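Worksheet for the structure shown next.
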There are 2 protein chains.
Amino acid sequence: MTRRCTSFDVAEGAGVSQSTVSKALRGSEGVSVETRRRVLEVAAALDYRPDQRAVSLRSSATGRIAVVILGDPKIRGAPINSFYMDLLAHVAAAAADHDQEILVSFQHDPANFFASYCQDRIADGIIVIGTARNSAGWRFFAKARSQGENVICWGSPDDVLPTLRCDNHAGAATAVRHLVATGRRRIIFIGPGWRRQHAYRDRRSGYISAMSEQRLPVFEAQASLTGTRELQGYAATLDLMNNDVPFDAIFAASDGLAVGAMQALNKCGRIIPEDVAVIGFDGIGSAPYTVPPLSTVEQNGAVAGSYLVEALHRMIAGEDYQLPAVPLKLIWRASSCASSTNSSSINRY
Amino acid sequence: MTRRCTSFDVAEGAGVSQSTVSKALRGSEGVSVETRRRVLEVAAALDYRPDQRAVSLRSSATGRIAVVILGDPKIRGAPINSFYMDLLAHVAAAAADHDQEILVSFQHDPANFFASYCQDRIADGIIVIGTARNSAGWRFFAKARSQGENVICWGSPDDVLPTLRCDNHAGAATAVRHLVATGRRRIIFIGPGWRRQHAYRDRRSGYISAMSEQRLPVFEAQASLTGTRELQGYAATLDLMNNDVPFDAIFAASDGLAVGAMQALNKCGRIIPEDVAVIGFDGIGSAPYTVPPLSTVEQNGAVAGSYLVEALHRMIAGEDYQLPAVPLKLIWRASSCASSTNSSSINRY
DNA sequence: CTGTTAGCGCCTTCAA
DNA sequence: TTGAAGGCGCTAACAG
């Protein structure tokens with residue numbers, strides 16, 4: 001295996017100096033057309049490629065951003081909320097638009113938290129996406145930020161870190177009004193069990209506002225804190241039925257909870273949406289493909305991804321930046337409305 | 001904003017030379033205990049952190065691997081098969097075990113293919129995970145490999161690149177035998193529409209073998225090539241019913257197809273599993289949460305992830321490596337068996 | 001327009 | 001045990 005070829009080799013081949021090669025290849029001013037042509041030719045012939053580590057070392061920025069997916073503080077390999085994975089793809093697309101590479105790290109265990117991306121010159125900033133439930137994780141990244149890391153996040157339970165989110169209150173209220181408009185009165189809110197988080201509080205308050213507007217009774221069910229979102233939704237819904245709580249609709253604080261709720265309803269022979277309408281929140285990729293298709297308050301993942309990247313860039317550049325609310329859209333599918341065109345209204349589920 | 005601190009600053013603070021600092025921090029031989037202690041102390045006080053770019057430039061390897069998710073050659077933002085996203089998480093975990101960072105890139109459009117990770121010293125090798133349908137993509141990465149990139153993949157339609165996969169033939173045969181054992185006779189195979197791929201051919205041949213063993217008639221439905229897997233499965237299944245093809249079970253070549261098939265069955269009032277049993281292939285994360293829960297031939301994603309990383313390391317090291325088959329497990333849920341404990345058998349779906 | 005000279009921050013011989 | 005010097009491969013001033 002032969003030595004890697006460097007800009008010196010190209011220089012020699014083209015009969016010029018190394019610095020001229022550098023200028024020629026990067027299109028700097030001050031190189032004659034003829035020289036540039038010859039350099040490019042030799043570089044191509046030698047299949048020369050600059051070592052990006054050296055390029056980066058000389059310049060200042062790394063051209064990379066780190067994306068950390070913060071999972072539940074459980075055993076390794078716990079399933080990640082699929083909305084986060086969708087968001088990851090959108091962040092990657094947005095980063096690619098800025099010619100940035102992304103480094104991805106899945107973290108959940110305090111023993112393996114890592115955030116020194118900027119300090120170690122591994123990346124220029126960090127986007128943390130994850131579950132509010134990993135408090136130790138959020139504390140860790142908040143501390144990293146105070147030590148100079150550039151951090152923007154999605155999913156933080158609080159506002160210690162600059163956090164992007166949608167208008168959860170408004171989204172929840174819209175969902176509830178939709179249920180009311182289609183004739184539902186006993187609408188139950190299924191919360192995530194973990195109350196100390198921003199998104200939950202806002203979705204809950206949106207639910208309460210909308211119910212109060214209509215003078216309808218508020219009823220909340222709380223998921224237990226263990227297991228996946230789906231299992232939590234499943235258990236919470238089963239509880240409701242076992243306790244003979246009357247209800248004709250469920251507004252779940254997340255799509256995962258809603259999916260679990262639908263399983264439980266089905267298990268007990270409740271027909272969706274005839275007996276119970278269900279609507280979730282997030283807009284996970286599988287929502288259109290559940291049985292019946294799940295209505296949801298969809299967060300615009302593409303916009304969220306680009307806002308995150310944009311804000312991080314501004315933070316890195318030391319500019320002022322703001323985190324606008326991510327747009328929401330009520331997606332009305334068969335789970336909440338028997339007459340939706342999106343699915344048949346006469347089936348049993 | 002003050003200048004970043006380097007090993008020279010530590011040297012000055014500790015009253016030693018820069019090279020001594022380097023040795024002390026990296027635990028090399030030939031530094032007195034007392035000197036090392038002082039260096040460590042000053043380094044900590046100054047919060048010194050080596051610039052990883054410089055470290056990497058001096059060494060040879062980058063300590064990074066690139067993971068490319070190859071999507072359908074369609075518009076940007078097309079949803080990624082969720083099994084690939086799961087696999088990505090497992091690859092990340094395996095890479096972390098080897099103290100490697102991973103660079104992630106979602107690629108689908110020939111205009112933006114990029115594979116020069118090794119040549120540009122961005123990473124030491126590439127793991128390509130993706131859909132067989134992106135032929136241009138697979139050709140691109142095959143060419144990159146011939147130009148010196150280290151590439152291992154999952155999902156390639158052929159064997160031009162070193163490809164990890166499970167024993168698709170055996171897995172399919174197992175699934176079919178399970179259906180036969182539970183009394184099904186008219187079992188339909190729903191293929192992905194794109195026949196020129198290894199996994200499809202093997203799953204199909206496994207189906208045919210198992211059916212032939214039992215002297216049962218083979219019947220294949222092909223999905224159209226457009227849209228998501230789910231939509232393809234939906235349309236193919238609808239076609240079957242519209243054409244009054246009799247069947248009591250569906251073996252879908254992938255979970256996505258199976259999810260779509262379940263939607264179609266439900267739309268037409270067919271009860272799962274009483275009227276039609278359904279089983280998929282892959283083991284996507286949402287399979288336990290469909291209604292009814294989806295039986296599937298589950299590929300061990302954790303093992304797949306570690307095999308991919310392991311094989312890539314051996315390739316990088318120039319060692320011999322082999323790609324063993326990834327283990328499969330038949331997961332028997334309610335969609336294929338009314339008496340499963342995993343769900344109720346008396347419900348209507 | 002081109003070449004020379006310094007580094008970027010670190011690791012690694014080789015002398016002292 | 002320590003330090004001086006020479007790169008890793010490149011960019012960027014500054015001379016010529």
Side-chain angles (χ1 to χ4, degrees), chain A residues 1-40 42-43 46-64 116-124, chain B residues 1-40 42-43 46-64 116-124:
Chain A
M1 173 162 157
T2 149
R3 202 180 103 274
R4 227 183 112 76
C5 109
T6 75
S7 50
F8 283 92
D9 300 314
V10 177
E12 193 179 324
V16 296
S17 77
Q18 182 272 333
S19 64
T20 301
V21 170
S22 176
K23 285 176 204 150
L25 290 178
R26 303 186 23 274
S28 302
E29 291 295 308
V31 180
S32 75
V33 180
E34 168 54 19
T35 306
R36 165 163 297 132
R37 197 194 53 70
R38 210 165 64 252
V39 169
L40 289 176
V42 175
L46 262 49
D47 195 25
Y48 166 70
R49 318 214 109 228
D51 184 323
Q52 293 307 125
R53 298 171 300 181
V55 170
S56 164
L57 183 57
R58 274 305 336 224
S59 334
S60 39
T62 66
R64 252 170 267 143
S116 318
Y117 292 98
C118 304
Q119 287 193 49
D120 292 352
R121 287 292 191 264
I122 293 170
D124 303 323
Chain B
M1 173 163 156
T2 150
R3 204 181 101 275
R4 230 183 108 76
C5 108
T6 74
S7 51
F8 283 92
D9 300 315
V10 178
E12 193 179 325
V16 296
S17 77
Q18 182 271 332
S19 60
T20 301
V21 170
S22 177
K23 286 174 200 153
L25 291 178
R26 303 189 22 277
S28 303
E29 291 294 309
V31 180
S32 74
V33 180
E34 168 54 16
T35 306
R36 164 163 297 132
R37 196 194 55 68
R38 210 165 64 253
V39 168
L40 289 176
V42 174
L46 263 46
D47 195 25
Y48 166 70
R49 318 213 109 227
D51 184 324
Q52 292 309 124
R53 298 171 300 180
V55 171
S56 165
L57 184 59
R58 287 295 339 222
S59 341
S60 39
T62 65
R64 251 171 267 142
S116 319
Y117 292 98
C118 304
Q119 287 193 49
D120 292 352
R121 288 290 191 264
I122 293 170
D124 302 324

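This is a predicted model, so every value here is computed, not measured. Quick note: numbers below take in every heavy atom, side chains included, and nothing from hydrogens, waters or symmetry partners. By convention in this document, chain letters (A, B, ...) are assigned in the order of the sequence lines, proteins followed by strands, and residues within each chain are numbered from 1.
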With a 4.5 Å heavy-atom cut-off, do Asp47(A) and Gln119(B) have their side chains touching?
yes

Given Arg36(B) and Val33(B), is the side-chain contact (heavy atoms from CB on, under 4.5 Å) satisfied, shown in steps?
CA-CA 5 Å; Arg36(B) 164 163 297 132; Val33(B) 180; 5.8 Å; no

Kindly calculate the angle separating the two end axes of the helix from dC1(C)-dG16(D) to dA16(C)-dT1(D), each obtained from five base pairs, and round it to 10 degrees.
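Computed angle between terminal axes is 50°.
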
How does protein contact run along nucleotides 10-16 of chain C, one letter per nucleotide 5' to 3', with B for base contact, S for sugar-phosphate only, - for none, heavy atoms under 4.0 Å?
BBB----

[X] [atom1] to [N] [atom2]: how many Å, rounded?
X         : N       : atom1 : atom2 : result
Arg121(B) : dC10(D) : CZ    : P     : 10 Å
Leu46(A)  : dG9(D)  : CG    : C1'   : 15 Å
Arg53(B)  : dC8(D)  : CZ    : C1'   : 14 Å
Arg38(B)  : dT1(D)  : CZ    : C1'   : 12 Å
Arg36(A)  : dC1(C)  : CZ    : C1'   : 11 Å
Glu12(B)  : dG3(D)  : CD    : C1'   : 16 Å
Leu57(B)  : dC10(D) : CG    : P     : 9 Å

Heavy atoms only, 4.0 Å cut-off, all strands: where does Ser60(A) land among base, sugar-phosphate and nothing?
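Nothing: the residue Ser60(A), judged by heavy atoms under 4.0 Å, touches no strand.
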
Reckon Ser56(B) touches a base, only the sugar-phosphate, or nothing at all at heavy-atom distances under 4.0 Å?
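Nothing: the residue Ser56(B), judged by heavy atoms under 4.0 Å, touches no strand.
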
Do you know the tightest heavy-atom contact between [X] and [Y]?
X        : Y        : result
Thr62(B) : Ser56(B) : CA-OG, 3.8 Å
Arg4(A)  : Asp9(A)  : O-OD2, 3.9 Å
Val21(A) : Ser7(A)  : CG2-O, 3.9 Å

Apply side-chain contact (heavy atoms from CB on, under 4.5 Å) to the pair Leu40(B) and Leu25(B), showing each step before the final yes or no.
CA-CA 7 Å; Leu40(B) 289 176; Leu25(B) 291 178; 3.5 Å; yes

Residues, nucleotides or ligands: over 12 heavy atoms within 6.0 Å of Gln18(B) CD
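Count over threshold, so yes.
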
Derivation of the side-chain contact (heavy atoms from CB on, under 4.5 Å) call for Arg64(A) and Arg64(B)
CA-CA 13 Å; Arg64(A) 252 170 267 143; Arg64(B) 251 171 267 142; 3.7 Å; yes

Would you indicate which nucleotide in dG3(C), dG9(D), dT2(D) comes nearest to any side-chain atom of Ser17(A)?
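Given the options dG3(C), dG9(D), dT2(D), the side chain of Ser17(A) is closest to dG3(C).
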
With a 3.5 Å distance limit and no angle check, can you tell me whether Arg38(A) reaches the backbone of Ala14(A) through a side-chain donor-acceptor pair?
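Checked: pair present.
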
